[in-house]
Number of protein chains: 2
Amino acid sequence: MTHTVNDEESLDTVSQTLKLLGDKTRLTIMKLLDEQECCVCELVGIFNTSQPAVSQHLRKLKDAGFLRENRRGQWIFYSANRGSGQYELLQSLIARLPSQLYRIEELEKKGLRISCG
Amino acid sequence: MTHTVNDEESLDTVSQTLKLLGDKTRLTIMKLLDEQECCVCELVGIFNTSQPAVSQHLRKLKDAGFLRENRRGQWIFYSANRGSGQYELLQSLIARLPSQLYRIEELEKKGLRISCG
DNA sequence: TTATTATATAAGTATATAATTATATGCGCA
DNA sequence: TGCGCATATAATTATATACTTATATAATAA
């Protein structure tokens, strides 16, 4: 058995995934969205970045197949796509991270939670 | 139990590690060096990059604690540092990748192998 | 010692990435 | 319809990253 094209693809796929998750904001977003569906404005309230910055991170994660989106009225709720072919890899990474649910609780204290879901 | 400083560190540590390994060349280097100790000139022969480029990748990996170095004469041999605190994370990633030993075999065929080790 | 080989580092350049600002789109409601 | 809010996209700017070229360091061998 020798080197195959699939081998190369595996290196490409994994390195691209790691590059995507090698950003602290995106990694945190994935951890949180694996625990709890959130809309964009909640994520904006949680992270110290602008709405476009959050949108752009979400776009990259969605393009890679890591997110599901779910519109309800004017809000778009995002959550981890557990059907992604890369979900197991994602899971093995975020399982190491502390829960981010406390961020949602902080949002609630500030009255910024969108609870229409 | 609430949010702690360690939690933040975990997010920082993991995201930095993923950023480091989110480069295809570095990821491949780590896979290979986990299987087989190699010197710099062998890695230069294997990857299509210059010697300084390889050196710079090795430096980053070494700074992160992922590599052990071992000088023998004029050669410096690198291998995965299995004692790294992050080795388990590293292992969970590279275990998914195909063996890179075929690259060593190709080197041998070209007569570029440093077999003094 | 000098020459040669292996490796590292520094400086510069090119490219990629993330963030901001500005604008567009889409939905709900008066 | 028109307005306000949520989100997305485009364009720009700032920053980070990877690579190249040039040079320095270290070891060996003549």
Side-chain angles (χ1 to χ4, degrees), chain A residues 11-12 15-30 33 37-64 66-79 107 110-117, chain B residues 11-12 15-30 33 37-64 66-79 107 110-117:
Chain A
L11 276 164
D12 277 331
S15 62
Q16 276 182 224
T17 295
L18 300 187
K19 177 176 292 181
L20 192 66
L21 299 176
D23 174 281
K24 192 182 172 186
T25 303
R26 282 194 295 265
L27 186 64
T28 310
I29 287 175
M30 283 313 307
L33 294 183
E37 189 183 55
C38 290
C39 70
V40 180
C41 63
E42 288 173 326
L43 296 172
V44 171
I46 284 171
F47 296 100
N48 277 336
T49 25
S50 62
Q51 175 268 317
V54 170
S55 259
Q56 284 158 18
H57 285 307
L58 291 172
R59 174 85 135 91
K60 289 184 184 184
L61 292 167
K62 203 186 76 174
D63 284 351
F66 285 122
L67 294 181
R68 292 190 71 68
E69 74 180 77
N70 194 345
R71 182 183 276 274
R72 286 189 224 122
Q74 48 189 161
W75 294 281
I76 300 179
F77 287 82
Y78 285 91
S79 57
L107 261 198
K110 290 190 222 154
L112 296 176
R113 187 77 199 287
I114 306 295
S115 29
C116 76
Chain B
L11 275 164
D12 277 331
S15 63
Q16 276 181 222
T17 294
L18 300 187
K19 177 177 291 181
L20 192 65
L21 299 175
D23 174 281
K24 192 181 171 186
T25 302
R26 283 195 294 267
L27 186 64
T28 310
I29 287 175
M30 283 313 307
L33 295 184
E37 189 183 55
C38 289
C39 70
V40 180
C41 63
E42 288 174 325
L43 295 173
V44 171
I46 285 171
F47 296 100
N48 278 338
T49 25
S50 62
Q51 175 268 317
V54 170
S55 260
Q56 284 157 17
H57 285 308
L58 291 172
R59 174 84 135 91
K60 290 184 182 183
L61 293 167
K62 203 186 75 176
D63 285 351
F66 285 122
L67 294 180
R68 292 191 71 68
E69 74 179 78
N70 193 345
R71 182 183 275 275
R72 286 188 223 121
Q74 49 190 160
W75 295 282
I76 300 179
F77 286 82
Y78 285 91
S79 57
L107 261 198
K110 291 190 220 153
L112 295 176
R113 187 76 201 287
I114 307 296
S115 29
C116 77

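Values in this document were obtained by computation on a predicted structure and should not be read as measured data.
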A:Leu33 vs A:Phe66, side-chain contact (heavy atoms from CB on, under 4.5 Å): CA-CA, chis, key distance, verdict: CA-CA 10 Å; A:Leu33 294 183; A:Phe66 285 122; over 6 Å; no

Under-4.0 Å side-chain N/O to phosphate OP1/OP2 contact, A:Ser50 with C:dA19: no

Without decimals, in angstroms, what is the distance between [X] [atom1] and [N] [atom2]?
X	N	atom1	atom2	answer
B:Asp23	C:dT15	CG	P	17 Å
B:Leu58	C:dT9	CG	P	11 Å
A:His57	D:dT9	NE2	C1'	15 Å
A:Phe77	D:dA8	CZ	C1'	17 Å
B:Leu61	C:dA8	CG	C1'	15 Å
A:Glu69	D:dA8	CD	C1'	10 Å
A:Lys24	C:dA18	NZ	C1'	15 Å
A:Leu43	D:dT7	CG	P	9 Å

Looking at the side chain of [X], which of [options] is the nearest nucleotide?
X	options	answer
B:Tyr78	C:dT7, D:dA8, D:dA18	C:dT7
B:Pro52	D:dA6, C:dT9, C:dT7	C:dT9
B:Trp75	C:dA19, D:dT20, C:dT7	C:dT7
A:Thr49	C:dA8, C:dT17, C:dA19	C:dA19
B:Lys19	D:dT17, C:dT9, C:dT20	D:dT17

Show the distances under 3.5 angstrom between N or O atoms of the protein and N or O atoms of nucleotides 24-30 of chain C.
none

Side chain A:Gln56, main chain A:Ala53, donor-acceptor under 3.5 Å: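 Not a single qualifying donor-acceptor pair exists.
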
Test side chain to side chain contact (heavy atoms under 4.5 Å, CB included) applied to B:Gln74 - qualifying residues, sequence neighbours left out: none

Pairs meeting criterion salt bridge (Lys or Arg N to Asp or Glu O under 4.0 Å) with involvement of residues 52-61 of chain A, two or more places apart: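 Output for this query lists A:Arg59-A:Asp63.
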
5' priority, DNA chain C, between A:Thr25 and A:Gln51 [closest heavy atom]: A:Thr25

Side chains of B:Ile46 and B:Thr28 in contact at under 4.5 Å (non-hydrogen atoms):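 They are not in side-chain contact.
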
Close side-chain approach of B:Leu61 and B:Leu21, heavy atoms under 4.5 Å: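 Of all side-chain heavy-atom pairs linking B:Leu21 with B:Leu61, at least one is under 4.5 Å.
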
B:Ile29 vs B:Tyr78, side-chain contact (heavy atoms from CB on, under 4.5 Å): CA-CA, chis, key distance, verdict: CA-CA 10 Å; B:Ile29 287 175; B:Tyr78 285 91; over 6 Å; no

Sugar-phosphate, base or nothing in reach of A:Phe47, heavy atoms under 4.0 Å: nothing

Touch class at under 4.0 angstrom, heavy-atom based, for B:Lys60 against every strand present: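 Counting heavy atoms under 4.0 Å across all strands, the contact made by B:Lys60 is with sugar-phosphate only.
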
A:Leu43 and A:Gln51: CA distance, side-chain angles, deciding distance, side-chain contact (heavy atoms from CB on, under 4.5 Å) verdict: CA-CA 8 Å; A:Leu43 296 172; A:Gln51 175 268 317; over 6 Å; no

Residue met sooner reading DNA chain D from 5', once A:Ile76 and A:Gln56 are mapped to nucleotides: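 In this pair, the answer is A:Ile76.
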
